[in-house]
Amino acid sequence: MSEAQVTKSPTVVVRDPGHTAMQLHDVAVSFNGRVAVRDATFDVAKNRVTSLIGPSGSGKTTLLRALNRLHDLTPGAKVSGRIVLEGTDIYRGDMTVTELRTRVGMVFQRPNPFPTMSIYDNVVSGLRFNGIKKKSLLDEAAETSLRSAALWDSVESRLKVAASNLSGGEQQRLCIARALAMDPEVLLMDEPTSALDPIATLKIEELMTTLKERVTIVIVTHNMQQAARISDDCAFLLMGEDRAGELIEFDTTEKIFNNPNDSRTLDYTLGRFG
Amino acid sequence: MNDLTELDEPIEIAQTMRDEIRRVSNATRARRLMVSRVMTTLCAVTLAVTAVPLALLLYQLIKRGAPELTWTFFTKVPETPSLIAPNATGGLSNAILGSIALNVYASILAIPIGVLVGVYLAESMNKFAATLRVIAQTMAGAPSILMGLFAFSFLLQDLHIGFSAIAGSFALAVLMLPVIIIATEIAVLNVPNTLREAGLALGAKPHKVSMRVVIPSALTGIVTGCILAISRAIGETAPVLLVIGGGYLNTWKPLSPVSALPLSIYENAKSEWPSQRAQVWGAALLLVIFVFILSLTARIWASRKQKVSN
């Protein structure tokens with residue numbers, strides 16, 4: 001599907017095609033017919049950090065996982081609506097799921113380095129999975145991505161050591177390096193600091209601010225201060241009366257936190273519930 | 001102000017609750033201590049009931065078996081004692097060699113298939129997998145003589161393969177399969193889903209995730225399962241009884257009739273010569289040593305791997 005076709009489509013609003021990494025239009029995810037999240041329509045702007053916030057059960061993680069088709073694995077899961085990456089519908093368009101996932105990387109809630117692999121093998125695992133074998137290429141990718149993840153200096157001398165020897169914060173940065181090695185356009189982060197201590201959290205937050213120069217970031221966070229500190233745009237989700245999550249408001253982070261349109265957004269950001 | 005008055009009541013309830021817990025706790029302390037002591041004693045008794053017979057068995061086995069484990073035992077083939085030389089039993093080198101050959105062939109047959117089926121069962125949720133799982137679980141509980149009968153009727157009668165090591169290995173492999181399948185399935189299911197997702201999220205195809213992430217992570221459990229399957233097979237008499245043929249030759253060839261330690265035990269235990277009956281203890285001890293070494297290897301391997309992954 002070409003970009004022109006998408007922009008012609010009346011259902012997709014393209015604000016600024018050159019500056020949009022992903023577009024979500026009326027996205028809903030259901031499991032065995034039970035809707036988990038719905039009404040998600042917003043644009044993920046390029047080279048910005050977009051945060052998804054909202055209380056537990058509002059469908060933040062479910063929505064995030066739809067962006068690289070991780071729900072494909074779950075029996076009974078159904079994603080409707082349209083999610084467009086650079087002009088191609090990622091569910092119906094001409095793009096394989098493996099290609100999508102090399103372009104949209106993911107960092108998970110708990111650090112999940114491959115326990116049987118060394119630090120080096122972890123970083124280049126994605127490249128190897130996709131058939132890249134050339135040593136010089138792998139070496140270069142390993143160093144570049146470990147540097148980008150601010151981990152190179154502390155692991156340079158022990159690249160062959162098992163990844164499980166690293167601390168939790170280091171393991172999470174290793175997972176970021178592993179995702180960056182694929183040179184993705186978008187990086188999805190599912191509460192990446194929720195299992196980390198405040199210092200490790202700070203390091204990852206600093207990392208995100210520098211990383212957005214080269215990769216668009218979508219982050220799910222429970223921590224409103226974190227969303228306010230690091231994100232440029234913000235989507236606020238809330239659980240509806242039928243226990244399905246829905247998008248309440250999407251805007252710049254500044255607007256969401258200072259002057260939201262919806263009173264429920266204000267209540268949440270002020271800590272009145274959730 | 002409103003908030004504070006609302007809070008007053010729960011605090012009072014908490015206070016009385018705390019007093020009540022303390023009162024009941026003090027009143028029942030003596031009784032709880034006694035129950036605890038009785039249970040501890042019961043545990044010690046049951047432990048003794050289990051451990052004492054085992055210790056006695058091992059003691060007898062070592063006391064009677066160790067003197068039999070001579071150089072001749074390992075290097076010579078059996079001889080038949082006579083009135084002139086009532087202690088000339090020879091050795092059991094043929095049975096030792098036969099047992100090793102049987103188990104090596106059985107492992108070669110059973111491990112690749114068992115591991116692949118186990119991974120398949122763990123990674124797929126369809127009806128075929130469910131059926132396979134039931135079959136594996138039923139096979140695990142089937143009497144081992146059935147495997148011998150199966151090998152006998154299929155290989156010897158239908159395919160006309162004579163008494164041979166390979167027929168015995170086939171029977172042992174069928175016996176090992178369910179153990180390996182079930183151990184592999186559990187090991188693979190225990191691999192955290194987040195690792196699978198991490199692999200897939202990097203654009204890996206599902207089979208690559210299985211081969212490069214899931215199986216290596218489950219390897220400890222898989223290897224432990226295989227070693228346990230071998231140690232079960234090595235002591236089995238029934239499956240090989242009908243099909244390996246026995247004989248006094250030192251051979252390991254797949255198509256030759258071979259002997260095996262459990263078979264020698266079975267044969268010699270019926271002997272009229274005390275010297276041959278005594279040799280049985282040596283064979284039994286050697287089998288126990290084999291099994292001990294195998295399970296020790298499995299344990300050491302498992303704990304070493306655990307250390308690496310922690």
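Keep in mind that what you see is a predicted model, and the values were worked out from it rather than measured. Computed from heavy atoms alone, side chains included, the values below leave out hydrogens, waters and symmetry copies. Every chain is numbered from 1 and lettered A, B, ... according to where its sequence line falls, protein lines coming before strand lines.
Ranked by heavy-atom pairs shorter than 4.5 Å toward chain B, the options A/R110, A/R178, A/E99 are led by A/R178. Of all the listed residues (B/A201, B/P192, B/G199), the one sharing the greatest number of non-hydrogen pairs under 4.5 Å with chain A is B/A201.
The parts of A/R128 that come within reach of chain B are both its backbone and its side chain, each placing non-hydrogen atoms under 4.5 angstrom from that chain. Neither the backbone nor the side chain of A/P184 has a heavy atom closer than 4.5 Å to any heavy atom of chain B. No part of A/V107 comes within reach of chain B, as not one of its non-hydrogen atoms sits under 4.5 angstrom from that chain. When heavy atoms are compared at a cutoff of 4.5 Å, A/N68 approaches chain B solely by way of its side chain, counted from C-beta outward. For A/F108, the part lying under 4.5 angstrom from a heavy atom of chain B is the side chain only. Interface remark: A/L73 contributes side-chain atoms only to the contact with chain B (heavy atom separation under 4.5 Å).
Geometrically, A/R101 does not engage A/F129 in a cation-pi contact defined by less than 6.0 Å to the ring centre and at most 45° from the axis.
Under 4.0 Å is where a charged nitrogen must lie from a carboxylate oxygen, and between B/D19 and B/R23 no such pair does. Using a cut-off of 4.0 Å between Lys/Arg side-chain N and Asp/Glu carboxylate O, A/R65 and B/E197 are scored as salt-bridged.
Taking each heavy atom of B/S124 and B/R133 in turn, the nearest pair found is O-NH2, 4.5 Å. The minimum heavy-atom distance linking B/S99 with B/P262 is given by the pair OG-CD, 3.8 Å.
In this structure, the side chain of A/Q172 engages the main chain of A/P192 through a donor-acceptor pair within 3.5 Å.
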